[in-house]
Amino acid sequence: MRLGFLGTGEITAAMVRGLAGQGHSILVSPRNAATAAALAAEVPEVSIAPNEDVVAKSDVVFLCLLARVAEDILPGLPFREGQAIISVMVDAPLVKLRNLCAPATDIASTIPLPPIAQGGCPLPVYPFSPALDALFGARNLILPLANEAALSAHIGASALCSPILDQLQTTADWLSGFTGDAASAEAYVAAMIRAYLPARATRSELAEALRKLSTEGGFNATLRAAMGPAKDDLRRGLNGFRKRLGLPEDGEPN
Ligand SMILES: NC(=O)c1ccc[n+]([C@@H]2O[C@H](COP(=O)([O-])OP(=O)(O)OC[C@H]3O[C@@H](n4cnc5c(N)ncnc54)[C@H](OP(=O)(O)O)[C@@H]3O)[C@@H](O)[C@H]2O)c1
């Protein structure tokens, strides 16, 4: 497939690395210059081209810009009917993208994460995108959603990554303070948590794992109780996204 990326930053680099070696021809825009040059040097399928060519010469165009930059530059680009557009941008509602990318109408929005470079990345998407599925479905977890509000809620939930990684790092640091082996401490903490995580959608694996870790007086139950206020902080932080994400302000989600 002929693929184009507008905005060659952090997330484009990860997606392009995840697509390497699969026979696609990939155009990336010249900014960021250092990232574009690094990708072109590393991935033989990648060429650098002006934004106009990225759009004109691609069957699938990924929008990987900051939303305020997209508003400025997308209207001047030669989008066409029949072209698949996949936005990864937050703060870019579909109604706005349809205006910015007219006359293209096949527009979907998703939220990749940097681990897409290796695969195993969840990709919530609305509306379903056959192009996204064809390109990333084999190595990642495509999650088609029923509406745009569900996608917005996934954007909010994705913010859990950094506080959780922060807690893992804090725990690894605490552990290595006793063992003197930072690398092993990090490997231990990462493998321990990874072992608990369900790979596919399930209704109750997390709850069941928590139930098994609830022995009264046990280390897990004791630490969880000590961190009880953090759970309220998490809910408060997630609810703080509602306005920006266009989610209802009242009541708790089901
Ligand atoms: N990073 C993530 O984990 C992640 C995950 C999901 C979604 N997203 C979304 O993806 C989008 C990009 O995020 P990012 O983290 O990749 O940001 P980033 O690293 O800042 O990338 C944005 C890129 O856009 C380039 N750019 C600026 N003006 C341009 C123009 N006129 N034409 C072409 N390119 C231009 C920037 O180049 P310069 O450096 O030269 O300014 C930069 O390389 C955002 O909307 C973000 O919300 C990011």
Side-chain angles (χ1 to χ4, degrees), residues 3-19 26-43 46-58 60-79 85-101 107-126 129 132 135-136 139-143 145 148 150-166 238 241 243-247:
L3 311 178
F5 287 80
L6 286 174
T8 309
E10 185 82 27
I11 203 64
T12 287
M15 294 176 87
V16 166
R17 290 188 173 111
L19 290 165
I26 302 175
L27 292 179
V28 300
S29 53
R31 285 178 63 182
N32 175 276
T35 308
L39 285 174
E42 180 186 325
V43 180
V46 169
S47 307
I48 303 168
N51 290 341
E52 289 74 13
D53 286 1
V54 168
V55 173
K57 297 180 179 172
S58 298
V60 183
V61 179
F62 289 90
L63 309 180
C64 306
L65 299 155
L66 299 181
R68 61 183 156 71
V69 175
E71 275 194 52
D72 286 342
I73 71 160
L74 295 184
L77 297 176
F79 293 103
I85 312 291
I86 300 174
S87 167
V88 307
M89 303 185 295
V90 304
D91 298 324
L94 285 166
V95 65
K96 189 175 265 185
L97 292 176
R98 287 188 197 108
N99 278 331
L100 295 173
C101 300
I107 304 175
S109 194
T110 185
I111 323 158
L113 304 171
I116 198 169
Q118 295 89 48
C121 178
L123 287 168
V125 58
Y126 180 77
S129 162
L132 184 79
L135 290 166
F136 288 104
R139 297 180 59 205
N140 298 276
L141 179 62
I142 306 279
L143 296 169
L145 300 176
E148 194 168 8
L151 183 74
S152 296
H154 280 73
I155 292 173
S158 74
L160 179 65
C161 294
S162 71
I164 287 290
L165 290 172
D166 203 31
L238 290 170
F241 295 145
K243 189 167 182 208
R244 180 172 170 189
L245 293 170
L247 295 169

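Keep in mind it's a predicted model, so treat the numbers as computed, not measured. Every number for a ligand or one of its atoms is a count from 1 in the order of the listing.
The CD1 atom of Ile48 lies 12.5 Å from the CG atom of Asp53; values are rounded to the nearest 0.5 Å. Separating the CG atom in Leu151 from the OG atom in Ser87 is a distance of 9.0 Å, to the nearest 0.5 Å. Interatomic distance, Leu132 CG to Phe62 CZ, rounded to the nearest 0.5 Å: 6.0 Å. Interatomic distance, Ile73 CD1 to Leu65 CG, rounded to the nearest 0.5 Å: 4.5 Å.
Under the 3.5 Å distance criterion, the side-chain polar atoms of Asn140 are left unmatched by any main-chain donor or acceptor of Pro122.
Ordered by chain and residue number, the residues placing a heavy atom less than 4.0 Å from ligand 1 are Gly7, Thr8, Gly9, Glu10, Ile11, Ser29, Arg31, Asn32, Asn51, Cys64, Leu65, Leu66, Val69, Ile73, Val88, Met89, Val90, Pro112, Pro114.
Contacts of Glu71 classified as side chain to side chain contact (heavy atoms under 4.5 Å, CB included), with partners at least two apart in sequence or in another chain: Lys96, Leu100.
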